[in-house]
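Beneath this line is the structure, given in structure tokens, with notes to follow.
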There are 2 protein chains.
Amino acid sequence: MKKTTYTAEILKYIPFLYVIWSDELLSPSEISVFKKSIETDSISEAAKTTLKKWINAEESPLDETLVSWKKIINDSGLKLIESDAYPLTSFSMRLASNSQSTEIYDESLKYIEINLGIQPNHYHHLFDVKIETASSAAFYSAEKIDTLLKGEHAPYVDKFREKLNDPIFDFQIIRNKEEFRNHVLTQVKFLAKDGYGAMAYDNAYGGIGNMPTYASIFENLMYVDGSLTIKFGVQFGLFGGSIQNLGTKKHHDKYLKETGEANLLGCFAMTETRHGSNVRGVKTTATYVKETDSIVIETPGENDNKEYIGNALHAEMATVFAQLIVNGKNEGVHAILTRIRDKDGNLMPGVKVEDNGYKLGLNGVDNGKIWFSNVAVPRENLLNRYGDIDKDGNYTSPIENPNKRFFTMLGTLVGGRICVAKGALSGAKKALSIAVKYALQRRQFNSNEKIQEDLIMDYPTHQLRLIKPIAKSYVYHTVLDKLIKDYANSKEDGRREIETQAAALKASITWFSNQTIQECREACGGKGYLIENKIPHIKGDVDIFTTFEGDNTVLIQLAAKGILTNFKTEFNSDNFMDVLKYVGTQLSDRLTTINPIFTNKTDKEHLFDTEFHKEAFEYRTRRLTFSVASRVQKYIKKGIPSYQAFLKVQTHMVMLGKAYSEELSYNEFLNFVEKIQEEELRFLFKKLGALFALSEINHHAAWYLEHGYISANKSKAIRKQVERICSELRPHVNTLVDGFGIPKSCLKTPIL
Amino acid sequence: MKKTTYTAEILKYIPFLYVIWSDELLSPSEISVFKKSIETDSISEAAKTTLKKWINAEESPLDETLVSWKKIINDSGLKLIESDAYPLTSFSMRLASNSQSTEIYDESLKYIEINLGIQPNHYHHLFDVKIETASSAAFYSAEKIDTLLKGEHAPYVDKFREKLNDPIFDFQIIRNKEEFRNHVLTQVKFLAKDGYGAMAYDNAYGGIGNMPTYASIFENLMYVDGSLTIKFGVQFGLFGGSIQNLGTKKHHDKYLKETGEANLLGCFAMTETRHGSNVRGVKTTATYVKETDSIVIETPGENDNKEYIGNALHAEMATVFAQLIVNGKNEGVHAILTRIRDKDGNLMPGVKVEDNGYKLGLNGVDNGKIWFSNVAVPRENLLNRYGDIDKDGNYTSPIENPNKRFFTMLGTLVGGRICVAKGALSGAKKALSIAVKYALQRRQFNSNEKIQEDLIMDYPTHQLRLIKPIAKSYVYHTVLDKLIKDYANSKEDGRREIETQAAALKASITWFSNQTIQECREACGGKGYLIENKIPHIKGDVDIFTTFEGDNTVLIQLAAKGILTNFKTEFNSDNFMDVLKYVGTQLSDRLTTINPIFTNKTDKEHLFDTEFHKEAFEYRTRRLTFSVASRVQKYIKKGIPSYQAFLKVQTHMVMLGKAYSEELSYNEFLNFVEKIQEEELRFLFKKLGALFALSEINHHAAWYLEHGYISANKSKAIRKQVERICSELRPHVNTLVDGFGIPKSCLKTPIL
């Protein structure tokens, strides 16, 4: 072989050329990155000509040339230092200057390294040099990322996280439910003492009047334990929230402070055994008796009991949802504060409570069934913001329409639904953190030459499995944070779109969290199955998040109905005619067209283009809206009853609800990314966004292909790009999970 | 509206015509069914002409005509009796004859009803007549289906299921692990007394020498409890199986009977903390010491302990897998019977055992870690079927090649892997049975006109969610049954293909089972979360099946390697060069073509055609084999080390392994269906097969579309057909889950 000698200005590009040509063929956009870098470099024109010859996609360098490049690298005697900020740039510069140190990074090389996303795990196996390995790069700051995610809640969250280091929150395995529940109750009271329960209430009642901050606290609490989080949520969010949102000043004054301090324990008695999703059909009655000026709560049948009520074994009071009957007329479902135990914990006469027993998870929460038999409470106990009985015994309401009244009441509870999604997401983040950190220690299998086995984080299947959900977690974090703020700032009658968003996101995110936690369990192998390593509790606890605060399948259809009416009818309404009326007028506007330029584009630049992502998401939502509506109309025309027509398109509706939630999430994430000041972090977040978008488009590739929105080649290119981005993010994976800001104490497990 | 009067021979078709035109437009194949029926009917030519006019796809009947048909039906005063064997035929005949009874079913109508798969749930909302509802049809016999599934094991299985009614198997919630483990141990001993543990062993040792029957017992035991099943499997399958398969007559005579009777409890000590998937790398040593003619077992490092060993807290003996060192030479991994406790349960000197503690599930199984420090056992304790130390202290083996020896040993354990898949599948079947029976009672929501709410089983989303996995369960049942028989009949050196199949199916089926159990949990809402309703235990127990007896991701890649070499190299081998050698010679043969006639066909007949399904599955496997192999070759040519080249195609390998397992399952199912004698049952099973095939093709629609194998229209037609078949199976769903033959006692839960 003839000896090759290059000048330093060429030599510095050799490792890059070698890596690029050994890996995959250059795509046009990658060539353009390389070309741009060479053109702006201050090297000689002759060198530029030589280099350009080697980056011609039509004509790749000869195998002989590649072998000679490899030899130059291997013979250099240089070390590849993976922990360098720009390891390939640094290696190449040292090669060119024949020295062991680099002070400043060459801008041209750095430009290529960043923009092509070249990472040590892409090429270290190609270099036969000594490698100073780093299981993780220290390029980005986890703390800065965490600060971005905390946003304006930072001061409260930071203080709260410190609090979570208290030994009272140390991880324990308590198998006996009574013991576990008592322990959790102690923890709840501990937090209440510092005002954490009352945060969403006004100052007068010990809070700061900030629901979004309360939600952030809730989300962080989930890093400790699911049972604690749910018990906390039931007491302060559901019970306290019902007083705050459905009651009036007299109720606030009487109960809210005590509730926030956990001196008054309460539960939220809405669901019945036979009525879970269909709340409007609850059977419990609340009959006003004029003679005694009281309201009598009654469970009519054996199976009409309140079911699965959290805090039922500990609570003194219950917010009971019942059909309010005044002067013999059913005024619809209302909430009535009902004492179920005296101060000493004895059940009140006429109240029966049964333990729900052991569950798959959340065994620290005391769920129970409640029956009422002729239980009388004073008239004032009616939470009367939206419907009251005056002193003459007549029913009055500021909202004439009973439908609207009912849905307005339900609407005030949407904050809880958003919190549930946040809590599930915290579970996913915690599981991801454990699985990633384990994968950065655990080794299994090796190539024959190596003594040490490979880190399981270096397996592409493992990268796909964990890094895709990490990106998704970032996206979902930002959209939930935005949603809770919008909710807090909304007025009662401007809430329909927010309700739709909350329903869609609650369903999508709790499903996502469960899948992710399952992946994490499997990714940790048998170790993930041991309770001491914390994933089993997360898994068991988060499981039910897909069901409570609204069954996911029901919610996603409600969301679809919201979309079909462009958020114009009452949310939660099961009156299909409203939807039809709207759909009838809208159909013609909703015809969609495809951007033909996008169909075949497969270059990297385009695949990373947020305009492409946005359009793809939007097209899917619009198209599904149109096709669902058309199908329904067709059925109706044939005389099929509207209820049946909607049943026939049920699976279609579910698709629409999910598509909407993806589009919403991505768009909100883009808004978030726009506001990131620091360029490097913005770059990282953009990559996370691209991974989210391309994963989703890839997930729905069949649909996009069916509609001719993408070509077969593009579909393949997208799948390839998803794998590629995961490998590009691989060195930063530890930073990315640290960016979630989970307190160290919560991640302490024997495997880490 | 002018009054319409039809003759009886026309009248009998009116309900059919009305149903078909109100629902969806007739597809060409549906029209042909209708036409054929009319043509062969013995009605007048005039009637035939009139009827044919109405089944012209080009020109559907006028809305006015449809309305007049509806009126005829509604005015008839007849009842629609859903429990009739052919309800629409019966209704139509009564309409035509104007009488309330039908004795014999009209063949022409019956032909249409069966072949178009028309079910009461498709049309009962269209009829304004009195409906005698049936939540489930009694058309097929669950017992007959069960008999088909039990096959030749029926006598043993029937007796065993009776046994399972014993109060010792009553469902209990035992939260304390020691208590739970003792209870399970008692159950294991109870079963051993009747010879169930020994079934796979020879008569001389209390068995019937029938591994497949043992596997059926194992599969049925899973209906009782996961912990019991696993403890049973560890004792008789893993520990006993290691003696049976790796030992020789002296070991059998000494231990096998005692093991089968559970008088000698044992464990299977293979996995180590640092070596799970990569068994060949275990660190434990077994050094032959000539002076004492003994083998000394030693755990070299603190983290080289045996890990997660079932029965570790109860066992007297352990089959220890260790590097066997004879005369200073490492002869590779061998199994040595090692006493770890004396008869009184005290640990032997040098043995340390630690409890693994609480797990996500299987808390009735005592998993532990074991360390050995200078533990000597007699030379005879070496399980010496494949490698021995003679009395002169020299190592001998019937298998020269150490690689081949090791893989032959592992190969004898494949039966366990198949049992794991069977056990997981039982978990899915049990969860499906509970969810289906719940869905046939649980009502939620209704149309405004009705008082009673709808059964949740009547929601299309619910049908898709539960009926697709039911079909899949049937398919998987048959393939596993076939596989275990093939395995039992195989010789050591003819086992590579079976090993590949077992690996692929174990991974696919355990993943499937977990997803299904999760769907069932959600389908039961909050009730599914209560341990009393049994799904939580199934869920927690089956979870780990994706990890033990081979991590799924690792197994599916092993399977892919088997396919790439056409089952020619050692299974489990991590020598990639073997694969490459083979792939190099095969590539040219593996070019695939597409059947252009199939690409666009969307009629029902074609979509149900098993030839289409088979070809689609085969195309996918062949194409993936080809593309994986091509990619690997390309990388190798560029000088990328083979180990790295395989890493780069890892996700592609996983796709291939899964595709192979689907193809295999479907083909075996077709063989099974061919042998069904009774025509009606064969019809039902064919529908299950079609649902499996179309669901899978739909699941991979993106891939098929990318490759131009199916057109966009066909892809949509397939998705539609999947929903349609689910609705056609809806009336038989209870029969289908009863067909699994799960003992009633095992399904007894408060919600059913």
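Keep in mind that what you see is a predicted model, and the values were worked out from it rather than measured. Worth knowing before you read on, the calculation uses all heavy atoms, side chains too, and leaves out hydrogens, waters and symmetry mates. In the text below, chain A, chain B and the rest are named by the order of the sequence lines, each starting its count at 1.
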Is the closest side-chain heavy-atom distance between B/K539 and A/L360 below 4.5 Å? yes
Rounded at 0.5 Å granularity, tell me how far OH in B/Y358 sits from CZ in B/R175. 8.5 Å
Taking B/T547, B/N176, B/I531 one by one, which has the highest count of heavy-atom pairs under 4.5 Å against chain A? B/I531
Sort A/T273 into side chain, backbone, both or neither according to what part of it lies under 4.5 angstrom from a heavy atom of chain B. both
For chain A, find which of B/I710, B/V649, B/T651 contributes the most heavy-atom pairs closer than 4.5 angstrom. B/T651
Within a strict 4.5 Å, meaning less than it, do heavy atoms of the A/R465 and A/E522 side chains meet? yes
Structural part of A/L362 lying under 4.5 Å from a heavy atom of chain B: both
Select one option (side chain, backbone, both, neither) describing which atoms of A/K714 are under 4.5 Å from chain B's heavy atoms. neither
Between B/K177 and chain A, with a heavy-atom cut-off of 4.5 Å, which part of the residue counts as in contact: side chain, backbone, both or neither? neither
Rounded distance (nearest 0.5 Å) linking atom NZ of B/K369 with atom CD of B/E307: 5.0 Å
Between B/F545 and B/N552, is there a side-chain heavy-atom distance shorter than 4.5 Å? no
Top of B/L66, B/D458, B/D543 for chain A proximity - count of heavy-atom pairs under 4.5 angstrom: B/D543
Max heavy-atom pairs within cutoff under 4.5 Å with chain B, candidates A/N698, A/I173, A/N356, goes to A/N356
Part of A/Q518 lying under 4.5 Å from any heavy atom of chain B: side chain
Any non-hydrogen side-chain atom of A/Y635 less than 4.5 Å from a side-chain atom of A/F646? no
Highest number of heavy-atom pairs under 4.5 Å with chain A: which of B/Q650, B/K359, B/R274? B/Q650
Name the member of B/G525, B/G281, B/G526, B/G357 that forms the most heavy-atom pairs with chain A at distances under 4.5 Å. B/G526
Chain B contacts, top residue of A/H537, A/R719, A/Q557 (heavy-atom pairs, under 4.5 Å): A/R719
Top of A/V654, A/N514, A/T553, A/N713 for chain B proximity - count of heavy-atom pairs under 4.5 angstrom: A/T553
Please classify the contact of A/S715 with chain B as side chain, backbone, both or neither, using a heavy-atom distance under 4.5 Å. both
Would a 4.5 Å heavy-atom cut-off, applied to side chains only, mark B/R442 and B/L455 as touching? no
Hey, could you give me the OH/OH distance between B/Y704 and B/Y709, rounded to the nearest 0.5 Å? 6.5 Å
When A/H700, A/Q515, A/H462, A/K527 are compared by non-hydrogen pairs under 4.5 Å with chain B, the top option: A/K527
Report the distance from atom SG of A/C524 to atom NZ of A/K534, rounding to the nearest 0.5 Å. 13.0 Å
Most heavy-atom pairs under 4.5 Å with chain A, out of B/G361, B/A701, B/G708, B/G540, belong to B/G361
What part of A/L530 gets closer than 4.5 Å to chain B, counting heavy atoms only: side chain, backbone, both or neither? both
Against chain B, label A/N363 side chain, backbone, both or neither, depending on which of its atoms sit under 4.5 Å from a heavy atom there. side chain
Side chain, backbone, both or neither: which part of B/L647 has a non-hydrogen atom closer than 4.5 Å to chain A? both
Could you look at A/I544 and say if it's the side chain, the backbone, both or neither that has a heavy atom under 4.5 Å from chain B? both
So B/F180 and B/V365, do their side chains get closer than 4.5 Å, heavy atoms only? no
Side chain, backbone, both or neither: which part of A/D551 has a non-hydrogen atom closer than 4.5 Å to chain B? side chain
In terms of heavy-atom contacts, does NE2 of A/H699 have more than 12 from other residues, nucleotides or ligands at under 6.0 Å? no
Can you measure from CG (A/L62) to OG (A/S68) and round to the nearest 0.5 angstrom? 9.5 Å
Using heavy-atom distances under 4.5 Å, tell me whether B/T461 contacts chain A through its side chain, its backbone, both, or neither. both
Do A/Q463 and A/S727 have side chains that get closer than 4.5 Å, going by heavy atoms? yes
So which of A/A712, A/S711, A/P460 has the biggest tally of heavy-atom pairs under 4.5 Å with chain B? A/P460
Taking B/N533 for the side chain and B/Y529 for the main chain, is one N or O donor matched with an acceptor at less than 3.5 Å? no
B/F548, part contacting chain A, at a heavy-atom distance under 4.5 Å: neither
Taking the side chain as everything from C-beta on, heavy atoms only, tell me whether A/P536 gets closer than 4.5 Å to A/R521. no
Relative to chain B, which segment of A/H275 carries a heavy atom at a distance below 4.5 Å: side chain, backbone, both, or neither? both
